[in-house]
Amino acid sequence: MSVFRPGLFKGKVAVVTGGATGIGRAITQELLSLDCTVVIASRKEERLTSAMQEICPNGNRLKAKVCNIRNESQVNELISSTVKELGKIDYLVNNGGGQFPSTVSNMSFKGWNAVIDTNLNGTFHMCQEVYRQWMAQNGGVIVNIIADMFRGFPVMAHTGAARAAVENLTKSLSVEWAQDGVRINAVAPGSNIYSPTAASNYGDMNVFEAARGGVPMKRLGTTEEVSAMVCFLLSPAAAFVTGATFRVDGGSSLYAPLMYQIPEHKKLPSYSWTYTPPQEEEQKEKEETKSASPKAKL
């Protein structure tokens with residue numbers, strides 16, 4: 001189940017938001033395999049119930065709690081009940097989030113707000129509450145799951161904006177909370193990480209095949225490859241690592257984008273006093289030649 005040594009997280013307690021499906025589920029399963037006690041949180045009870053039955057039907061070291069991370073009081077209750085029942089919180093993995101494909105021109109403000117509220121404000125609530133109730137006095141490790149938004153995120157501008165903000169929040173908190181023994185880092189999975197949950201979210205869009213073409217490795221990534229990075233950052237091996245972002249994307253963030261194709265157009269002409277780019281010069285000559293040519297006789 002894990003590339004790390006057995007028992008690595010024995011006696012530790014982790015909270016994983018969105019831990020019932022996709023990347024969150026892989027993180028949950030790997031932490032459990034390393035003897036960590038895990039609390040998974042989701043706003044959908046049916047997802048939690050299904051995950052409990054499939055991953056750990058006897059409830060041994062896996063707990064589930066309904067929580068909408070956009071709701072400050074529910075986040076407060078999630079953290080306080082976990083500390084009360086399990087005595088501590090060593091690790092927090094902020095994986096909970098959500099988005100939908102849409103261009104900004106077609107996006108409603110309600111849709112924009114829903115994604116910002118979940119992906120940015122929800123992460124803020126979780127970080128703040130776990131710090132106030134436990135980590136300020138006892139230290140701990142936080143990992144924020146963000147996204148490959150480093151070159152912009154066309155058709156996903158809402159989550160791109162939110163995840164970029166979370167990356168900056170991660171850097172700020174790594175400095176503010178260092179004196180309290182808190183490390184905090186971010187992991188940015190590429191759009192090329194395949195999971196059944198992600199595939200169902202995109203419906204009929206052939207997102208993953210398009211994503212694969214933009215990966216230098218020429219394959220999709222797995223949720224376990226993200227989970228392994230998270231577990232590394234939680235482990236003592238990363239004891240001197242904080243405020244950093246780790247990309248798990250097969251090098252796609254360094255490669256030419258293929259996810260969003262822009263058709264040829266002439267709506268952004270160049271500006272120059274004395275120089276015309278070769279392409280525009282060639283086009284200008286073609287147009288002049290065409291206009292100067294005599295019309296064919298009928």
Side-chain angles (χ1 to χ4, degrees), residues 1-6 8-9 14 16-36 38 40 42 47-48 50-56 62 91-99 101 119 141 143-151 153 156 159-160 163 166-167 185-235 237-238 241 244-255 257-259:
M1 288 290 295
S2 177
V3 300
F4 299 100
R5 66 169 175 81
L8 178 62
F9 297 130
V16 181
T17 62
T21 58
I23 290 173
R25 181 170 178 143
I27 294 168
T28 296
Q29 289 177 303
E30 185 158 13
L31 287 171
L32 288 171
S33 75
L34 296 170
D35 289 340
C36 189
V38 183
I40 55 176
S42 172
R47 285 186 175 179
L48 294 172
S50 177
M52 288 289 294
Q53 293 173 346
E54 294 171 8
I55 299 174
C56 193
L62 178 61
Y91 311 130
L92 169 63
V93 181
N94 284 311
N95 172 74
Q99 52 272 322
N119 296 352
V141 186
V143 175
N144 293 325
I145 306 299
I146 54 173
D148 177 8
M149 43 65 204
F150 305 102
R151 296 174 301 182
F153 211 159
M156 290 282 193
T159 196
R163 306 298 192 175
V166 170
E167 185 188 34
N185 293 288
V187 171
S191 301
N192 43 50
I193 303 296
Y194 178 83
S195 75
T197 304
S200 65
N201 289 340
Y202 294 119
D204 295 331
M205 292 179 65
N206 195 15
V207 171
F208 288 107
E209 184 55 32
R212 189 191 67 77
V215 183
M217 291 184 176
K218 293 304 176 184
R219 70 168 176 85
L220 297 176
T222 68
T223 55
E224 290 82 3
E225 288 169 322
V226 181
S227 173
M229 177 58 73
V230 172
C231 287
F232 162 72
L233 291 172
L234 295 177
S235 78
V241 179
T245 297
F246 293 82
R247 306 181 188 190
V248 184
D249 62 7
S252 60
S253 58
L254 304 174
Y255 193 51
L258 295 176
M259 289 289 290

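Below, each value reflects all heavy atoms present in this structure, side chains not excepted, and no hydrogens, waters or symmetry copies.
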Using every non-hydrogen atom in the two residues, find where [X] and [Y] come nearest and quote the distance to one decimal.
X: Glu225; Y: Val248; result: O-CG1, 3.9 Å
X: Pro189; Y: Val187; result: CD-O, 3.2 Å
X: Ser227; Y: Ala26; result: OG-O, 3.3 Å
X: Ser33; Y: Ser2; result: OG-CB, 3.7 Å
X: Ala188; Y: Ala147; result: CB-O, 3.6 Å
X: Ser235; Y: Phe9; result: CA-CE2, 3.9 Å

With the side chain counted from C-beta on, respond yes when [X] and [Y] share a heavy-atom pair under 4.5 Å apart, and no when they do not.
X: Arg5; Y: Leu8; answer: yes
X: Leu62; Y: Thr28; answer: yes
X: Arg163; Y: Met156; answer: no
X: Ser50; Y: Arg47; answer: no
X: Thr223; Y: Arg25; answer: no
X: Phe150; Y: Arg247; answer: yes

Gap separating the [atom1] atom of [X] from the [atom2] atom of [Y], nearest 0.5 angstrom:
X: Ile23; Y: Glu224; atom1: CD1; atom2: CD; value: 10.0 Å
X: Lys218; Y: Arg212; atom1: NZ; atom2: CZ; value: 6.5 Å
X: Phe246; Y: Phe232; atom1: CZ; atom2: CZ; value: 6.0 Å
X: Ile193; Y: Ser252; atom1: CD1; atom2: OG; value: 8.0 Å
X: Met217; Y: Asp249; atom1: CE; atom2: CG; value: 8.5 Å
X: Met149; Y: Ser191; atom1: CE; atom2: OG; value: 11.0 Å

| request: For the pair Ser195 (side chain) and Gly22 (backbone), establish whether a donor and an acceptor sit closer than 3.5 Å, ignoring hydrogens and angles. | output: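 No.
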| field | Asn95 side chain to Gly18 backbone, donor-acceptor under 3.5 Å | value |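 Answer holds: yes.
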| Checking side chain to side chain contact (heavy atoms under 4.5 Å, CB included) against Asn119, which of Thr159, Asn94, Ile145 comes through? |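 For Asn119, the side chain to side chain contact (heavy atoms under 4.5 Å, CB included) check succeeds only for Thr159.
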| said: Name the residue from Val166, Val93, Asn185 that meets the side chain to side chain contact (heavy atoms under 4.5 Å, CB included) definition with Asn144. | reply: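 Exactly one pass, corresponding to Val166.
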| task | Evaluate side-chain contact (heavy atoms from CB on, under 4.5 Å) for Cys231 paired with Leu31, printing each intermediate quantity in order. | result | CA-CA 7 Å; Cys231 287; Leu31 287 171; 4.0 Å; yes
| Between Val141 and Leu233, does a side-chain contact (heavy atoms from CB on, under 4.5 Å) hold up when you go through it step by step? | CA-CA 8 Å; Val141 186; Leu233 291 172; 5.7 Å; no
